[in-house]
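Here the structure is laid out as structure tokens; the discussion comes afterwards.
Numbering of residues begins at 1 and proceeds along the displayed sequence.
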Amino acid sequence: LELLELMIMRVCTDAAVLHSAKDRVGAHPMHCLWLANTDESVGLAMQVLYKKPSRISLQYHVGGPFEAQNCLHLLAVNGREDQIIEILDLATEHLSQEAMRSLLCEHVRGSFFTEPPMCLYGGNAFAFFVRFNLSEAVTALLQDDRWQAVTQALLLGEDSALYCPVSGFL
């Protein structure tokens with residue numbers, strides 16, 4: 001089992017391997033760790049993020065039915081609020097303001113998100129937090145000054161591109 005864990009860490013931390021290793025719908029290996037949603041798989045994915053913080057903003061699908069998903073979307077759907085808060089904190093330490101904005105505001109796209117109930121999730125990670133009643137994650141974002149510029153843009157409607165193209169709301 002330790003050998004398998006080492007192999008997974010290698011695949012997820014080596015940029016050349018990570019971007020060439022995709023499943024038949026275009027998902028990166030990190031996507032599988034989040035989707036498995038076991039304490040072990042999520043723990044391993046968190047280890048990857050601590051080792052390679054740049055993976056926080058990784059979009060797990062380029063093209064295909066789940067385009068532009070990142071770890072926050074997947075954790076929100078699975079109710080993993082503690083890990084979301086941990087990642088938000090890690091992001092403020094390692095990502096630029098632009099990368100933080102992309103992480104929180106990137107809209108999921110693809111055929112998976114066009115039908116109910118998925119089309120009702122909202123377009124970005126913040127909307128996913130609201131949709132899945134992750135009040136601690138929303139509160140953490142709103143109270144952390146490091147996220148203020150991003151949350152203000154979302155909540156004050158400063159950029160209509162941040163809103164869901166289906167509903168016109170967050």
Taking the side chain as every heavy atom from C-beta outward, state whether [X] and [Y] have any pair of such atoms under 4.5 Å apart.
X    : Y    : answer
L141 : L104 : yes
V77  : R131 : no
F126 : V138 : yes

Where [X] and [Y] come nearest, the two heavy atoms and their spacing:
X    : Y    : value
S57  : L103 : CA-CD1, 4.1 Å
E81  : S135 : OE2-N, 3.2 Å
A137 : F129 : CB-CD1, 4.1 Å
W147 : M100 : CZ3-O, 3.5 Å
E106 : H73  : O-NE2, 3.5 Å
L134 : G79  : CD2-CA, 4.2 Å

(request) Flag yes if I85 and L142 sit in one hydrophobic cluster, no otherwise; membership is Ile, Leu, Val, Met, Phe, Trp, Tyr, and two members link when side-chain heavy atoms are under 4.5 Å apart. (result)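 Shared cluster, no.
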(message) Nearest 0.5 angstrom please: N70 CG to M30 CE, how far?
(response)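 Separation between the atoms: 10.5 Å.
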(message) How long is the straight-line distance from OG1 of T151 back to CG of D144, given to the nearest 0.5 Å?
(response)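 Atom-to-atom, D144:CG and T151:OG1 are 9.0 Å apart.
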(message) Working note: L75 + I87, criterion side chain to side chain contact (heavy atoms under 4.5 Å, CB included); need CA distance, chi angles, decisive distance, verdict.
(response) CA-CA 10 Å; L75 289 168; I87 289 169; 3.4 Å; yes
Per-pair distances, 0.1 Å, donor-acceptor, side chain in residues 39-49, under 3.5 Å, sequence neighbours excluded:
from: D39; atom 1: OD1; to: R80; atom 2: NH1; distance (Å): 3.1
from: D39; atom 1: OD1; to: R80; atom 2: NH2; distance (Å): 3.3
from: S41; atom 1: OG; to: L33; atom 2: O; distance (Å): 2.9
from: S41; atom 1: OG; to: N37; atom 2: N; distance (Å): 3.4
from: S41; atom 1: OG; to: T38; atom 2: N; distance (Å): 3.1
from: S41; atom 1: OG; to: T38; atom 2: O; distance (Å): 3.2
from: S41; atom 1: OG; to: T38; atom 2: OG1; distance (Å): 3.1

(message) Under the side chain to side chain contact (heavy atoms under 4.5 Å, CB included) test against F128, which residue among V108, L72, L74, I84 passes?
(response)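 In the set V108, L72, L74, I84, the residue that makes a side chain to side chain contact (heavy atoms under 4.5 Å, CB included) with F128 is V108.
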(message) Which residues pass the side-chain hydrogen bond (donor to acceptor under 3.5 Å, both in side chains) test with T92, not counting sequence neighbours?
(response)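 Testing T92 for side-chain hydrogen bond (donor to acceptor under 3.5 Å, both in side chains), a comparison that skips the adjacent residues, returns R146.
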